[in-house]
Protein chains: 2
Amino acid sequence: MATSSIKEVAQLARVSVGTVSNVLNRPEIVSPATRERVFDAIRELGFVRNEVARSLRAGRSRTVGLVVLDVSNPFFVDVAHGAEAVADEHDTMVVLCNSAGDPGRERRHLDQLEQQRVLGILITPVRTDDPWLTKIAARGTPVVLVDSPATGLRCSVAVDDRLGGRLAAAHLLERGHRRILFAGGPPSVRQVADRHAGVAEVVAAAGGGAELVACAAPELTVAGGRAIGERLAAMPAAERPTAACCANDMMALGLLQAMAAHGLRVPDDLAIVGYDDIDFAAAAAVPLSSVRQPRELLGRTAVDLLLDEVADPGRHRHRQVIFQPDLVVRESSAPRRTS
Amino acid sequence: MATSSIKEVAQLARVSVGTVSNVLNRPEIVSPATRERVFDAIRELGFVRNEVARSLRAGRSRTVGLVVLDVSNPFFVDVAHGAEAVADEHDTMVVLCNSAGDPGRERRHLDQLEQQRVLGILITPVRTDDPWLTKIAARGTPVVLVDSPATGLRCSVAVDDRLGGRLAAAHLLERGHRRILFAGGPPSVRQVADRHAGVAEVVAAAGGGAELVACAAPELTVAGGRAIGERLAAMPAAERPTAACCANDMMALGLLQAMAAHGLRVPDDLAIVGYDDIDFAAAAAVPLSSVRQPRELLGRTAVDLLLDEVADPGRHRHRQVIFQPDLVVRESSAPRRTS
DNA sequence: GACGATCGTTGAGACGATTCAAAACCATCT
DNA sequence: AGATGGTTTTGAATCGTCTCAACGATCGTC
């Protein structure tokens with residue numbers, strides 16, 4: 001019942017603790033007979049390695065922290081999945097922490113992770129370039145920004161959000177839409193600002209009477225999208241935009257639901273393009289066109305960068321990886337049957 | 001850069017390590033002057049407590065593991081949220097692990113948590129009564145089952161799924177439906193089996209030509225619900241059930257989407273009742289009626305039970321807490337306008 | 001000025017695993 | 001018998017923190 005230690009295993013197997021440790025870590029240098037005796041003892045005692053002691057001795061734990069903005073957003077779940085896959089290969093654990101967009105929660109998680117002496121921290125920060133992150137890194141815990149570009153001081157993986165915005169807008173313009181809505185969220189969120197900028201850029205360059213209407217919800221959630229949808233439905237049809245770029249898929253889903261609730265058809269009355277291409281997007285009542293991000297790859301690459309830094313901090317060069325998004329066209333922005 | 005230890009702090013503050021430890025843990029027994037000197041040293045060195053060493057010394061880490069079936073299901077996110085709230089109050093961390101319904105992944109997570117010497121493990125197991133859980137508990141890591149009733153051997157928190165099924169079915173019968181579908185998933189999942197049983201019980205007792213049709217998807221996901229919806233849409237209208245109870249809200253959403261895609265109206269052509277009452281349910285295109293579970297409370301209670309056991313394993317008595325679900329009626333099962 | 005009592009501070013073990021230089025063992029050959 | 005070389009095994013030191021018995025001041029009291 002009380003968990004047994006290496007010492008008790010040694011006693012039972014009549015060897016020294018050093019030998020037990022060798023059996024555990026380099027079994028090949030231990031003679032087969034001894035090895036077997038030790039394994040028997042381990043089995044008999046139900047010995048479970050104490051990772052805490054290992055970590056103390058090693059000076060670091062075999063764990064990386066991943067702090068995300070919203071665990072309920074499937075986008076981050078997928079990022080986490082990718083991170084876990086790579087971490088697994090390196091016998092490392094990922095602990096998922098949810099800041100929920102709250103700087104206080106984020107800070108508490110960071111403190112805990114630092115105290116746990118994690119290998120490193122992957123984070124989508126609430127505020128870009130929080131000086132606290134620099135302090136943490138300076139104290140020896142590498143930090144990699146996820147879905148957020150860094151300056152040369154550290155590693156980061158991100159997706160070109162401006163390009164994503166351009167892709168979405170260009171697609172809608174090409175489909176003949178002239179009055180386009182950007183359904184955004186808090187402009188303090190960099191991802192939103194960049195996507196908006198991309199859309200604006202293309203619309204401005206289009207000419208031919210193309211114009212952009214912006215509308216922001218307080219949160220990047222389904223509810224936020226619904227709220228914007230309500231406002232849209234209340235507009236006279238003539239003034240209403242004919243297409244919408246959404247800051248993310250959750251909002252796009254909300255918008256879609258609001259349209260359905262008011263008897264407006266998608267894409268006929270309103271074409272919609274989401275962002276993230278979460279699995280829900282393809283499965284929506286009207287399958288959503290969306291800007292796809294390499295979600296798992298983001299996670300995988302983040303861990304790669306982190307482990308590279310950990311393996312040899314001397315040789316390591318900070319890199320800022322930027323991926324290209326691409327557009328997945330589905331029914332929600334199909335060519336307009338009307339007019 | 002190299003993180004500094006209590007020893008260096010002591011040196012800089014010209015006190016013993018014991019005193020630094022006292023400042024950290026019982027500041028009131030240290031004289032104000034010394035205390036200040038130590039705090040200054042801590043600040044100057046950017047000292048960060050080493051939780052690993054603390055855990056080793058204490059014999060356990062201030063962490064509980066929470067292993068869930070599916071992080072992308074908002075139900076579990078909410079459970080985790082509740083757990084975290086209580087854990088926070090006790091200066092404890094929750095690490096969220098996703099088994100994704102895979103026994104192998106579950107097992108790996110359990111091993112890791114045990115090696116980390118967590119305070120205890122909260123788990124929604126893939127298979128009920130996995131003997132491995134008993135072994136873990138016997139070795140000294142308390143286990144609490146979540147959303148799954150236990151026998152007297154350990155604590156558990158769960159919701160009466162049979163009752164939930166009865167509530168959903170009774171509601172639909174009361175609305176005049178006679179041909180009712182149960183949209184389920186893998187019958188090996190206890191929650192599904194119980195909900196099904198509850199529905200079946202009430203339908204059987206109803207008489208008046210009430211009948212139950214069962215249809216199972218391979219997964220309790222949106223896609224699973226869609227698949228069932230496709231089959232439904234393909235049926236001649238006369239044979240089609242007029243109402244559906246779903247094993248969870250994800251499936252209900254999928255079903256709803258499939259209906260919309262085929263031009264069938266909810267609730268007129270098909271009334272739908274979901275299960276879990278996740279936030280998406282209320283925000284769906286047609287707001288979903290659903291059986292509500294006290295999600296956060298499940299998490300809160302699980303941690304309470306766990307910490308009670310940890311605090312005094314001697315006095316602790318295992319308890320099996322069962323909550324009552326209740327039905328939330330929304331548009332998706334509104335009275336039928338037709339006939 | 002001796003004796004306690006009180007209050008702060010100290011320092012020596014733990015905790016459990018890893019590491020590594022040194023010791024022990026064994027077989028073989030001179 | 002002794003030297004040689006190779007393989008196994010050992011045991012002490014270490015990681016950073018906490019705990020607790022013991023120690024030293026300081027003060028009041030008689």
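Just so it is clear, the model here is predicted, and its values are computed rather than measured. Every chain is numbered from 1, with letters handed out A, B, ... down the list of sequences.
Distance B:Arg14 CZ to C:dT9 C1': 16 Å, rounded to the nearest Å. Distance, A:Arg26 CZ to C:dT18 C1': 8 Å, rounded to whole Å. Going from atom NZ of B:Lys7 over to atom C1' of C:dA12 covers 13 Å, rounded to whole Å. In this entry the distance linking CZ of A:Arg57 with P of C:dA14 reads 19 Å, nearest Å. Rounded to whole Å, the distance from CZ on A:Arg62 to P on C:dT18 is 11 Å. At whole-Å resolution of the value, CG in A:Leu24 and P in C:dT18 are 6 Å apart. To the nearest angstrom, C1' of C:dA17 lies 10 Å from CD of A:Glu51. Between the P atom of C:dA17 and the CZ atom of A:Arg49 lies a distance of 9 Å, rounded to the nearest Å.
Ion pairing of B:Glu84 with A:Arg105 is present here, as a side-chain N (NZ or NE/NH1/NH2) and a carboxylate O approach within less than 4.0 Å. No salt bridge links B:Glu114 with B:Lys135; every basic N to acidic carboxylate O contact stays at or beyond 4.0 Å. A:Arg300 and A:Glu89 are joined by a salt bridge, as a carboxylate oxygen and a charged side-chain nitrogen come within less than 4.0 angstrom of each other. Electrostatic pairing of B:Arg62 and B:Asp91 counts as a salt bridge here, judged by a charged N lying under 4.0 Å from a carboxylate O. A salt bridge links A:Arg190 and A:Asp161; the closest N-O separation between the charged side-chain nitrogens and carboxylate oxygens is under 4.0 Å.
In terms of position on DNA chain C, the residue among B:Ile29 and A:Ser5 whose nearest nucleotide sits closer to the 5' end is B:Ile29. Nearest-nucleotide assignment on DNA chain C puts the 5′-proximal partner with B:Glu28, out of B:Val17 and B:Glu28.
Among the heavy atoms of the strands lying under 4.0 Å from A:Ser21 is at least one base atom, whether or not backbone atoms are also near. Residue B:Val30 is in sugar-phosphate contact alone, with no base atom involved, counting any heavy-atom pair closer than 4.0 Å across all strands shown. In this structure, A:Val52 reaches neither bases nor backbone, as no heavy-atom distance under 4.0 Å exists between it and the strands shown. Counting any heavy atom pair closer than 4.0 Å across all strands shown, B:Asn25 reaches sugar-phosphate atoms only and no base atom. Backbone-only engagement by B:Val15 is indicated by non-hydrogen atom pairs under 4.0 Å involving sugar-phosphate atoms exclusively.
The phosphate of C:dT10 has OP1 or OP2 within less than 4.0 Å of a side-chain N or O from B:Thr19. Residue B:Thr34 places at least one side-chain N or O under 4.0 Å from the OP1 or OP2 atom of C:dT9. Considering only side-chain N and O atoms, B:Ser31 lies under 4.0 angstrom from the phosphate OP1 or OP2 of C:dT9. For the OP1/OP2 pair of C:dG8 and a distance below 4.0 Å, the side-chain nitrogens and oxygens of B:Arg35 include no atom meeting the criterion.
Remark: A:Arg108 is not positioned above the aromatic ring of A:Trp132, lacking an NZ or CZ atom under 6.0 angstrom from the ring centre and at most 45 degrees off the axis.
Counting only N and O atoms by type, the side chains of B:Ser21 and B:Asn25 include a donor and acceptor under 3.5 Å apart.
Taking 4.5 Å as the limit, some side-chain heavy atom of B:Val86 sits within range of a side-chain heavy atom of B:Asp304.
On the nucleic acid side, DNA chain D contacts chain A at distances under 4.0 Å to non-hydrogen atoms, with the end points of that region at D:dT8 to D:dG16.
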